Amino acid sequence: MKFKARTHTCGELRESDIGKNVVLNGWVAIRRDLGGVIFIEMRDRYGLTQIVFEPHYNLDTHEHGKKLRSEYVISIEGKVRKRPEGTENALLTTGQIDVMVDKLIILNSSETPPFPIEDNIEASEELRLKYRYLDLRRSDMQKNLLLRHKMYLITRKYFDANNFIEVETPILLKSTPEGARDFLVPSRLHKGKFYALPQSPQQYKQILMVAGMDRYFQIVKCFRDEDLRADRQFEFTQIDVEMSFVDVEDIFKVVEGLMKVFYKEIMDYDISLPVQRLTYDEAMEKYGNDKPDLRFGLEMIALNDVFANSAFKVFKDSISNNGIVTGLLAKGCGDYTRNQLDNLTDFVKKLGAGGLIWMRVKENNLEAPIAKFLSDDEKKNLISKLGAQNGDLLFMLTGPKIKTLTLMGLLRLEMAKRMSLINENSKPALLWVTDFPLFEWNEETKKYSAMHHPFTSPRVEDIPLMDTDPGKVKARAYDLVLNGNEIAGGSIRIHDSELQSKMFKAIGINEEEAQEKFGMLLNAFKYGAPPHGGIAFGFDRLAMLFAGRHSIRDVIAFPKTSSGMSLMDDSPSLVDEAQLTELHLRVK
RNA sequence: GGGGUCGUAGUUCAGUUGGUUAGAACGUCUGCCUGUCACGCAGAAGGUCGCGAGUUCGAGUCUCGUCGGCCCCGCCA
C-alpha cells in the first residue's frame with residue numbers, strides 16, 4: 001500500500017500552519033459521524049489532530065471516510081484550515097485548526113479494542129497486560145516510557161561527565177548460593193551443569209576495579225527468583241556503580257549529584273544537599289523500618305526505661321528477655337471506637353504480633369484495659385515521654401526487638417494512612433540509612449550471614465568485634481531512601497584478603513568453600529585490588545516515583561503479574577520433550 | 001508458605017432471604033443527522049455468572065476445591 005511520509009505529527013499543527021497542504025499518518029482515536037460531516041480525531045505519539053470529511057469539500061473522500069472505525073491506521077492528505085469561529089477546542093494543542101481531507105488511505109483496519117485507548121481508563125490491569133500493545137498506545141503509558149528514556153539519557157550523561165565508563169557484564173554466569181534465589185539456565189554442552197542469571201553484576205564490577213577501570217557504571221538487567229510485589233519484578237533494571245580509591249562520603253557525593261540532576265531535569269526541582277542521614281539503629285527505633293518514609297513524623301518511642309521495673313508481667317518478661325517496649329502516639333485519635341481498635345489489633349496480629357496495647361488519654365489519665373496493671377508513676381512517665389495530651393490515643397507493642405519494631409513500623413504506616421498524613425505532593429523525603437549491621441542471625445541455620453553481601457566491609461573500629469560479638473558489628477553499608485522506598489543500596493567492599501577470610505569465617509564459610517564459591521573474585525584480589533566501593537539504584541522504582549505511580553509495572557513496558565506470569569505471551573510455558581532432552585533435563 | 005480482596009455482556013459494574021425470562025451504563029451494529037469534540041435521536045444484537053464438584057425441588061447467590069488478577073507478611077545478600 002502506497003502512502004506518503006508525514007509532513008507533520010498529530011501534535012504539531014497550529015494556526016501558523018493554516019493554508020498548508022499536509023500529510024498525517026496515525027490511528028483513528030475518535031469518530032464523530034454527523035451524517036453530512038465526519039470528524040475524526042487522529043492520534044500518534046505526539047498528539048491529536050481533528051481531521052474533517054465534508055461532501056462539499058470532497059465527495060469521494062467523504063464516502064470513503066464513512067468506513068473508518070476506532071484504531072484504524074490511516075494516512076491522509078489535506079489542507080489545514082482555521083476552525084470556524086466558536087468551534088475551537090481549547091483542550092487540544094491543535095484545537096485551533098482542522099485538516100480538511102483530500103485523500104484518505106486506510107493502511108489497516110482494527111477490531112474493536114477491548115478497552116478504549118485513552119487516559120484514565122477503568123480497564124483492569126489484567127486486561128491491560130494481556131493487550132499490552134494497546135495499553136502502551138495510551139499517552140499515559142507512553143509518557144512513562146518517555147520518562148524512562150529520559151532517565152537513561154540523564155544517567156549516561158551524568159556518569160560520562162564524571163569519568164565513569166559503562167561496561168557490560170555477562171548475563172550467563174556462575175550461580176552463587178548467597179542472597180536471592182537464582183534463575184538457572186541449563187547448559188547443553190555441559191551435562192548437569194547450569195548457568196545463573198545475575199542477581200546483580202556484583203563480583204564483575206569489583207573485578208573491573210581490580211582491572212583498573214576506576215569508575216564503572218552500567219544500566220543493567222538483573223534477575224531474582226523471589227516473590228513479586230508492586231515494587232518488585234523477577235527482572236528489573238539497576239544503575240550499577242563502582243568506584244576505586246573511595247570511602248563512603250565519595251559515593252554519597254556522586255549519588256547525591258545524580259539525584260540533584262534527576263530532580264532538576266525531570267521535575268525542575270532543586271533538592272537541598274547534603275541528603276539527611278539516619279543510622280540503621282535510629283531508623284529502626286524511630287520508624288520501625290530500614291527505609292522509613294519521612295514525609296511525615298509519627299515517630300515511635302522506646303519505652304524500656306519507663307517500664308524498667310514494671311510489675312506488669314508482659315513488659316517485665318519482655319524486658320528481661322532483651323526485648324523492647326515501643327510506643328506510638330496517635331494525636332487526636334482518642335475518639336477511636338472499640339471497633340476501630342479491635343480492627344487495628346487484628347491488623348498487627350495478622351502480621352505476627354501477640355496483641356496490641358492501646359490507651360486513650362482522657363483527663364490526664366489513661367483509659368485502657370491494661371491501665372490497672374500500671375503504676376501511677378509509669379502512667380505519668382508514659383504520658384510525658386510520649387508527649388501525650390487529652391484526646392490522644394497511644395499504642396504499645398512489646399517483644400523481641402527487631403520484630404516488634406518492625407510491627408510497630410507497619411502500624412505507623414497504617415496509622416499514617418488512616419490519619420491522612422501522607423501528602424503525595426509534599427517535598428521529596430530523601431534519606432541515607434547508614435551503619436547497617438554487618439551480620440544477620442539466621443534462626444534456621446543457627447548461623448550469622450552477611451546482611452548485605454559477604455564482600456561488605458565492616459566499620460574499621462568494629463573489626464575486633466567480629467570475633468567477640470558479631471551481632472554488634474556495623475557495616476560500611478548504606479541505602480538511599482526516597483519517600484519510604486529503597487531506591488539504592490551499596491557498600492564499601494573488603495579489598496584485604498585477611499579481612500575477607502575473617503568475614504568468611506564469621507559466616508561459617510571455610511577456605512575451601514570460599515574458593516569454590518567466590519574463587520573468581522578471591523583470585524583477582526591476589527593481584528592488587530584497590531580499595532573500592534559502590535552502589536546500585538533500583539531504576540524501575542526511581543522511574544515509578546518520578547512518574548508518580550505506585551507500581552513499577554507502570555514504568556516497565558512488558559511486566560509480569562504478581563504470580564510471575566506474562567499474560568501477553570502466556571509464559572512461563574511447557575516446552576518440548578526434545579528441548580528437555582537436549583538440556584539433559586527431566587521434569588519430576 | 002500464609003493473610004486479605006476481587007472474578008457476572010466487549011468493558012466497568014448492580015444483582016435483596018436461594019425462586020419467573022440475570023439488569024444498567026459505556027462500547028459495538030443498523031437507520032437518521034453538515035460543526036461535532038462524552039455529538040445527538042431511534043432501534044438492535046450481545047451472558048459457559050472464572051472453572052469443577054457438592055447441598056437443594058431450585059444456585060450468579062450457600063459449601064468445598066481449583067484457576068486467575070491486585071495488595072500485604074514471610075522471602076528479596
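Chain A is the first sequence line, chain B the second, and so forth, proteins listed ahead of strands; every chain is numbered from 1. All values reported here derive from a predicted model rather than from experimental measurement.
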With rounding to the closest Å, how many angstrom separate the C1' atoms on B:U66 and B:G47?
23 Å

Just checking A:E54: base, sugar-phosphate only, or nothing, at a heavy-atom cut-off of under 4.0 Å?
base

Between P of B:G10 and CD of A:E71, the distance in whole Å
20 Å

Side chains of A:Y280 and A:D479: do they bring a donor and an acceptor to under 3.5 Å?
no

Say whether, by atom type as modelled, one donor and one acceptor occur between the side chain of A:N485 and the main chain of A:I487 under 3.5 angstrom.
no

Using the C1' atom in both, what is the distance from B:G19 to B:G1, to the nearest Å?
42 Å

Taken to the nearest whole Å, NZ/A:K350 to C1'/B:G4 is 6 Å

Nearest-Å distance for atom pair CE/C1', residues A:M42 and B:U36
18 Å

With a 3.5 Å limit on both atom pairs, tell me what B:U5 is paired to, counting Watson-Crick and G-U wobble, or say none.
B:G69

Regarding B:U36, can its base be found pairing with the side chain of A:Q50 as donor and acceptor, where the two atoms are less than 3.5 Å apart?
yes

Please state the P separation for the pair B:A22 and B:G54 - nearest whole angstrom.
24 Å

To the nearest Å, how far apart are A:F347 CZ and B:G2 P?
21 Å

Just compare B:G68, B:G74, B:U30 and give me whichever is closest to any side-chain atom of A:S563.
B:G68

Taking atom C1' in both B:A14 and B:U61, compute the distance separating them and give it to the nearest angstrom.
14 Å

Measuring only the C1' atom in each nucleotide, how far is B:C13 from B:G27? A whole number of Å is fine.
14 Å

Candidate nucleotides B:C72, B:G10, B:G35, ranked by approach to the side chain of A:A230 - the nearest:
B:C72

Judged by atom type as modelled, is there a donor-acceptor pair below 3.5 Å linking the side chain of A:E226 to the main-chain atoms of A:R181?
yes

Options B:C76, B:C70, B:U12, nucleotide nearest the side-chain atoms of A:E125
B:C70

Rounded to the nearest Å, what distance is computed from the NZ atom of residue A:K349 to the P atom of nucleotide B:G2?
21 Å

Indicate, with a heavy-atom threshold strictly under 4.0 Å, whether A:L34 touches base, sugar-phosphate, or nothing.
base

Any strand counts, and the cut-off is 3.5 Å on both contacts for Watson-Crick or G-U wobble. Which nucleotide pairs with B:C64?
B:G52

Among B:C76, B:U30, B:C75, the nucleotide that comes nearest once only the side chain of A:R69 is considered:
B:U30

What nucleic acid atoms does A:P114 come within less than 4.0 Å of, heavy atoms only: base, sugar-phosphate, or nothing?
sugar-phosphate

Quick one: look up who B:U20 pairs with, Watson-Crick or G-U, both distances under 3.5 Å, and put none if it's unpaired.
none

What nucleotide among B:G69, B:C72, B:U36 has an atom nearest to a side-chain atom of A:M565?
B:G69

Under 4.0 Å, counting only non-hydrogen atoms across every strand here, what does A:P55 touch: a base, just sugar-phosphate, or nothing?
base

For a quick test of reading the model: is some side-chain N or O of A:R553 closer than 4.0 Å to OP1 or OP2 of B:C71?
yes

Can a donor-acceptor pair be found between the side chains of A:T169 and A:Q218 at a distance below 3.5 Å?
yes

Is a donor-acceptor contact shorter than 3.5 angstrom present between the side chain of A:R232 and the base of B:C76?
yes

Of the nucleotides B:G69, B:C75, B:C72, which has the atom closest to the A:L351 side chain?
B:C72

Using a cut-off of strictly less than 4.0 Å, decide whether A:S562 has a side-chain nitrogen or oxygen near OP1 or OP2 of B:G69.
no

Using a 4.0 Å heavy-atom cut-off across all strands, classify A:R229 as base, sugar-phosphate, or nothing.
base

For nucleotides B:G46 and B:C62, find the distance between their C1' atoms and express it as a whole number of Å.
30 Å

Spacing of the P atoms in B:G2 and B:A25 (rounded, Å):
44 Å

Contact class for A:F39 vs. all strands (heavy atom < 4.0 Å): base, sugar-phosphate, or nothing?
base

Using OP1 and OP2 only, check whether a side-chain N or O of A:T561 sits under 4.0 Å from B:G69.
yes

Would you find a donor on one side and an acceptor on the other, under 3.5 Å apart, between the side chain of A:T94 and the backbone of A:L48?
yes

Do A:N89 side-chain and B:C37 base share a donor-acceptor contact under 3.5 Å?
yes

Say whether, by atom type as modelled, one donor and one acceptor occur between the side chain of A:T49 and the main chain of A:C10 under 3.5 angstrom.
yes

Out of B:C70, B:C39, B:G3, whichever nucleotide has its closest atom nearest the side chain of A:I30:
B:C39

Can a donor-acceptor pair be found between the side chains of A:N523 and A:Q515 at a distance below 3.5 Å?
yes

Consider the side chain of A:S551, meaning its heavy atoms from C-beta on, and name the nucleotide among B:U34, B:C37, B:C71 that approaches it most closely.
B:C71

RNA chain B: 5'-proximal contact among A:G36 and A:Q202 (nearest heavy atom):
A:G36

Distance check needed: B:G74 C1' versus A:D225 CG, whole Å only.
15 Å

Rounded to whole angstrom, note down the P distance from B:G68 over to B:G50.
16 Å

Hey, does A:T87 reach any base, or is it just sugar-phosphate, or nothing, if we go heavy atoms under 4.0 Å?
base

Watson-Crick/G-U partner (both atom distances under 3.5 Å) of B:C76:
none

Without hydrogens or angle criteria, can the side chains of A:T279 and A:D281 be said to hold a donor-acceptor pair below 3.5 Å?
no

Under 3.5 Å, is there a donor-acceptor pair linking the side chains of A:T61 and A:D102?
no

So, is A:R32 near the phosphate of B:U36, with a side-chain N or O under 4.0 Å from OP1 or OP2?
no

Is there a Watson-Crick or G-U wobble partner for B:G58 with both distances under 3.5 Å, and which nucleotide is it?
none

Taking pairing as Watson-Crick or G-U wobble with both contacts under 3.5 Å, can you name the mate of B:U11, or confirm there isn't one?
B:A25

Among the nucleotides B:G1, B:C70, B:C76, which one has an atom lying closest to any side-chain atom of A:D227?
B:G1

Is B:G46 paired to anything, Watson-Crick or G-U wobble with both distances less than 3.5 Å, and if yes, which nucleotide?
none

Donor on one side chain, acceptor on other, A:Q206 and A:H532, under 3.5 Å:
yes

Ranking A:T112 and A:G86 by the position along RNA chain B of their nearest nucleotide, the one closer to 5' is A:T112

Over all strands shown, is A:L127 touching base, sugar-phosphate only, or nothing at heavy-atom distances under 4.0 angstrom?
sugar-phosphate

Mind checking if A:D98 touches a base, just sugar-phosphate, or nothing, with heavy atoms under 4.0 Å?
base

Paired with B:C32: which nucleotide, if any, by Watson-Crick or G-U wobble criteria at under 3.5 Å for both distances?
B:G40

Please determine whether any donor N or O and acceptor N or O are separated by less than 3.5 Å between the side chain of A:R83 and the base of B:C37.
yes

Nearest to the side chain of A:L410 - B:U34, B:C73, B:G69?
B:C73

